[in-house]
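What follows is a short report on a single structure.
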Amino acid sequence: MSPLLNPLLALFLRDVRLAIRVGGGGGIGVLFFLIVTVLMPFAIGPDLALLGRIGPAILWLGALLASLLTLDRLFAADHEDGSLDLISMSETPLELAIATKAAAHWLTTGLPLVIATPFLGLFMNLDGTASAAVALTLLAGTPALTFVGLIGAALSVALRRGGLLLAVLVLPLTVPVLIFGVAASNAAIVGPVPFGTPFTILCALTLVSLVVGIFAAAAALRQGME
Amino acid sequence: MSPLLNPLLALFLRDVRLAIRVGGGGGIGVLFFLIVTVLMPFAIGPDLALLGRIGPAILWLGALLASLLTLDRLFAADHEDGSLDLISMSETPLELAIATKAAAHWLTTGLPLVIATPFLGLFMNLDGTASAAVALTLLAGTPALTFVGLIGAALSVALRRGGLLLAVLVLPLTVPVLIFGVAASNAAIVGPVPFGTPFTILCALTLVSLVVGIFAAAAALRQGME
Amino acid sequence: MALIDLANPTRFLSLARPTLPWLAGLTAAVFAVGLVLTHGAPDDYQQGATVKIMFIHVPSAWLGMFGWTLMSAAALGTLVWRHPLADVAAKAAAPIGAAFTFLCLVTGSLWGRPMWGTYWVWDARLTSVLLLFLMYLGVIALWRTVEDPSRAARAAAILTLVGAINLPIIKWSVDWWNTLHQPASVVKLGGPAIHPTILLPLMVMALAFTLLFLTLHLAAMRNEILRRRVRTLMLMQAQAAPGSGS
Amino acid sequence: MPARWAEMRLEGSGLTCVRGGREVFAGLGFSVAGGEALLVTGRNGAGKSSLLRMIAGLVRIAGGQFAVTGVDAEKTIPEQAHYLGHLDALKPSLTVAENLGFWARYLGGGAPPQTALATVGLAALADLPAAYLSAGQRRRLSIARLLAVQRPIWLLDEPTSALDREAQDALAGLMRQHLSGGGLIVAAAHGPIGLERAKELRVGADA
Amino acid sequence: MPARWAEMRLEGSGLTCVRGGREVFAGLGFSVAGGEALLVTGRNGAGKSSLLRMIAGLVRIAGGQFAVTGVDAEKTIPEQAHYLGHLDALKPSLTVAENLGFWARYLGGGAPPQTALATVGLAALADLPAAYLSAGQRRRLSIARLLAVQRPIWLLDEPTSALDREAQDALAGLMRQHLSGGGLIVAAAHGPIGLERAKELRVGADA
Ligand code: HEM
Ligand SMILES: Nc1ncnc2c1ncn2[C@@H]1O[C@H](COP(=O)(O)OP(=O)(O)OP(=O)(O)O)[C@@H](O)[C@H]1O
Ligand SMILES: Nc1ncnc2c1ncn2[C@@H]1O[C@H](COP(=O)(O)OP(=O)(O)OP(=O)(O)O)[C@@H](O)[C@H]1O
Ligand SMILES: [Mg+2]
Ligand SMILES: [Mg+2]
């Protein structure tokens, strides 16, 4: 195997393995998503029409919070046990290592959210098309959340502070993703805009956040290393 | 001063001081509340009538998340630096120490949420009465969130795992508080139930969670001490 | 702390000390002129005297945005040149920019009450200002939670630059969002081109606000430098004291 | 120093310690009287720290028991003991004086904190946030806690770590003073800690 | 061992280290050739660990510079160095073999991990999760990393800590072998670490 791919594959497999074994990763994220989404009807009341109308919004918000709040240990854990030191001493560029970790995080946290969405759609009184539309937009949009969240995760290493601070820093940055994600879902459900327009923008946002997220996170980690 | 009150006062002052100085405590909680509440309209859409209708629910959910997510370090910080060892070696009963810490947490996190509510009510298109009703129910209900959250905070010390796990453990327990909190607010705003009925139940829930939360947290801490 | 680190700030302090009173005086003078001109400006035939809110509202909106621009420039200084004064400039600008943004929000919603019948609508422009304000709060929280200023400076610089990229995206997405759901239900002023009787006082007030921003910023920078010196002295005291291991 | 400590005696018998599901030691016994010091030694992982934490009530007693006589019968052993472990129980954002003051008030202080700070040589740093302290200074602040609150039993886990020569001598002086006042000390250490006539308890059968 | 290391030389000159806004040391210089070991000594807080981390590229160089000659010119110093610090870079939920295997693959492994595990005496524990290891065993696993991936420069921060007598001797053997193969070692230590003819670099002017 190529001398660059082999280390990255090793890192990817390790992160996926850790997420599965520890159980703290993907599982907790989906559970949080589930609980937050199910809490909404309790708060809003059992008005099915209303729930159906704001269902996509609620699913997106839940996914947003679940993605960001599971991200805070992404680099912090590697920093605290010294792995980050060794990772930065290898020939593999830090940017690629970060992208690999992000991919593993998305696979173990983002993707389960997408898969859980159709089931949660039932609670929200969404029909098949609507659920599928939300799931599709989440499939396109959760990577953007992960990549934007990377910046916060890297900052929280530099700051030696995690948890809510990360969410507070990153949430305003995710507003565009949220807007176009919900807009695309609604476009597919009720119109009048064609689904394609906001969906294309959503995909473009994901690509932008991929680049910005990875480079900003690498910069933050390098700066934080002291 | 009485030999029991003096240590508790010292603990209370210390915790308040820490929350104010570090800035990571109360301030971040309110900021998170603010951001989560402001995010809702982005997801749901700028429909003022709809926002006004689900405004109390959104404010309650935001306060719920902000309370619980700031709680995870309540005992963990004291555990990690060894303070908890010394606290458990004093003559002051652990239950009283826990209650004192909860009071300090509520004062620095819960109360600011209550104070911020009327301002956020403006964004949610709530009128004066509605904002006041939500603030009042939060005043009565946030202590319940803190006390229920205590259990999660103590468990997260025992399990050496923080963050989202706490939220996942505790969120289901907070459902009754959420239901009656929103119900009381809505009763005050649109009726038809009189405000008093759900509000009384909310206060009762707070009292119950006070007792249950403190004793369960003390038990969890004792078990976790090994 | 190395002496080199203090060299630059020292020169800055010796420049700031004589400049500050003059700048403050100039600010007061321009404000006085501006207030007189504002008083002389005609009331709007539709809005009455409330139109005068504009003389505070518009300059504070501009300066709220100016604050982030300044912080972004300082962030480049921090990351690229590692200039200690850039850290200080960025940290000092954040609360001031946030204050002007807040002022814009407050005056805007006070104005909105008579104009639109409500304090707040989820209009595109208002919403993007609100997000700017929230991002200011995030940066301030970041500065406050981190003990070591140079560490905080670099983290805040990265966040500021990412925010600078994101702000236009927010603005544009919010435009799109709002027009999708609520086309043109929001009343906007603007209408006819602004009359010179209003434009002149507005410009003078904008100048006064800019001077106020600069005065506050200079003072805040000075305070921050002094605060860091106290911290350095404390650290040196700890190093020199018994039991420091030295 | 109060005379009531003179007749004190701390005993442990048949002690078993289980950590993480593994038995660390079993059937351990010891006895220390007021004015005496017990030095707990043994290889790494033998269970020295665990024994101290058992006395302090911080690790569950899997078997055996402790008994203390000659002191305030209403208080448990942990309530009469000082525990100085690897963690400092300091809050970085509080000043040195605030940190010590808190513990003095919480644990029911004796001597005024200022005196204790002066004794450990930190008087000049009283208003400095604890974040700025070096490892040795943090350790000194922990020792000040032993002085600010009077308790008859001192449980010290490697007390000389991070201390420089001079501070080690000062600590030895404080320990001797505590012993001559009738107090007792149980200390875990890998080497000598400056107490000449201490009994030794070896934990861990082999090595 | 590859012959290309024979002519290696690592030099540092005029090094200044600033941590947390304080200058830790300034104007430090040293030079080590392949086959040589440099022992960094000094009191607590003098900056020994900081110097090692500077070489490893983990702490910013506030002044001065490093130069390395005689090795692969395309790689930076950190990419040619092993750093063994206080942290083990182990994931508790992965097994011993998985932990070592990951680092071997990520850093571009040489010898098969099994051999390295056998050398440090952990072969029997290969399938145990790292969470169950004692401090000494964790340290041995870190040392196995030095063997599983071949790099010419070893940066060792108090390498003997947590090791028992026998493991210390084994480590000394490994270090001698590395030196005789033309590698170089920079080690920070408070006492002897079993290398007789090591140069010494004292950090911190006084004491
Ligand atoms: C909280 C609510 C409001 C916010 C956040 C807000 C924000 C802003 C901002 C950011 C600008 C500067 C735009 C630029 O120059 O690029 C601005 C300008 C202006 N605003 Fe507001 N505004 C608010 C409410 C209002 C209201 C209620 C009115 C009057 C009906 C108003 C009238 C104006 C006018 C006349 C200008 C200057 C014209 C221009 O340069 O476009 N604003 N506002
Ligand atoms: N928190 C814990 N959970 C589970 N096992 C533990 C824990 N702490 C220590 N142990 C185990 O208990 C045993 C005794 O540990 P202890 O810390 O008492 O040893 P020690 O004699 O103090 O060693 P040292 O000389 O390193 O200080 C060790 O085998 C260790 O692995
Ligand atoms: N992460 C850090 N941030 C700020 N200052 C630090 C940090 N780590 C260490 N220092 C400071 O840098 C100085 C040197 O620390 P270093 O760890 O290099 O010392 P050392 O010689 O390795 O000491 P020891 O013998 O205790 O290992 C100390 O004064 C310490 O307080
Ligand atoms: Mg020990
Ligand atoms: Mg060191």
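Just so it is clear, the model here is predicted, and its values are computed rather than measured. To find a chain, count down the sequence lines: A is the first, B the second, and so on, and within it residues start at 1.
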Quick note, side-chain hydrogen bond (donor to acceptor under 3.5 Å, both in side chains) partners involving residues 128-140 of chain B, not counting sequence neighbours, are B:Trp60-B:Thr137, B:Thr137-B:Ser185
Can you tell me if B:Phe12 has over 12 outside heavy atoms packed within less than 6.0 Å of its CZ?
yes
Going by the rule salt bridge (Lys or Arg N to Asp or Glu O under 4.0 Å), which residues pair with C:Lys91 if we only count those two or more places apart in sequence or in a different chain?
C:Glu224
List the steps and the verdict of side chain to side chain contact (heavy atoms under 4.5 Å, CB included) for C:Trp120 and B:Leu51.
CA-CA 12 Å; C:Trp120 183 260; B:Leu51 281 178; over 6 Å; no
Roughly how far apart are B:Leu122 CG and C:Leu105 CG, rounded to 0.5 Å?
11.5 Å
Among residues 141-149 of chain B, which ones touch chain C with a heavy-atom distance under 4.5 Å?
none
Smallest separation among heavy atoms of B:Ile28 and C:Ala141, with atom names
CD1-CB, 4.0 Å
When rounded to the nearest 0.5 angstrom, what is the spacing between CG in C:Leu130 and CG in B:Leu34?
7.0 Å
Structural part of B:Asp127 lying under 4.5 Å from a heavy atom of chain C:
neither
Residues two or more places apart in sequence or in another chain: which of them pass ring-ring contact (aromatic ring centres under 6.0 Å, His included) with C:Phe100?
C:Phe209, C:Phe213
Does some side-chain heavy atom of B:Phe123 sit less than 4.5 Å from a side-chain heavy atom of C:Thr127?
no
Going by heavy atoms in the side chains, are B:Phe42 and C:Leu131 under 4.5 Å from each other?
yes
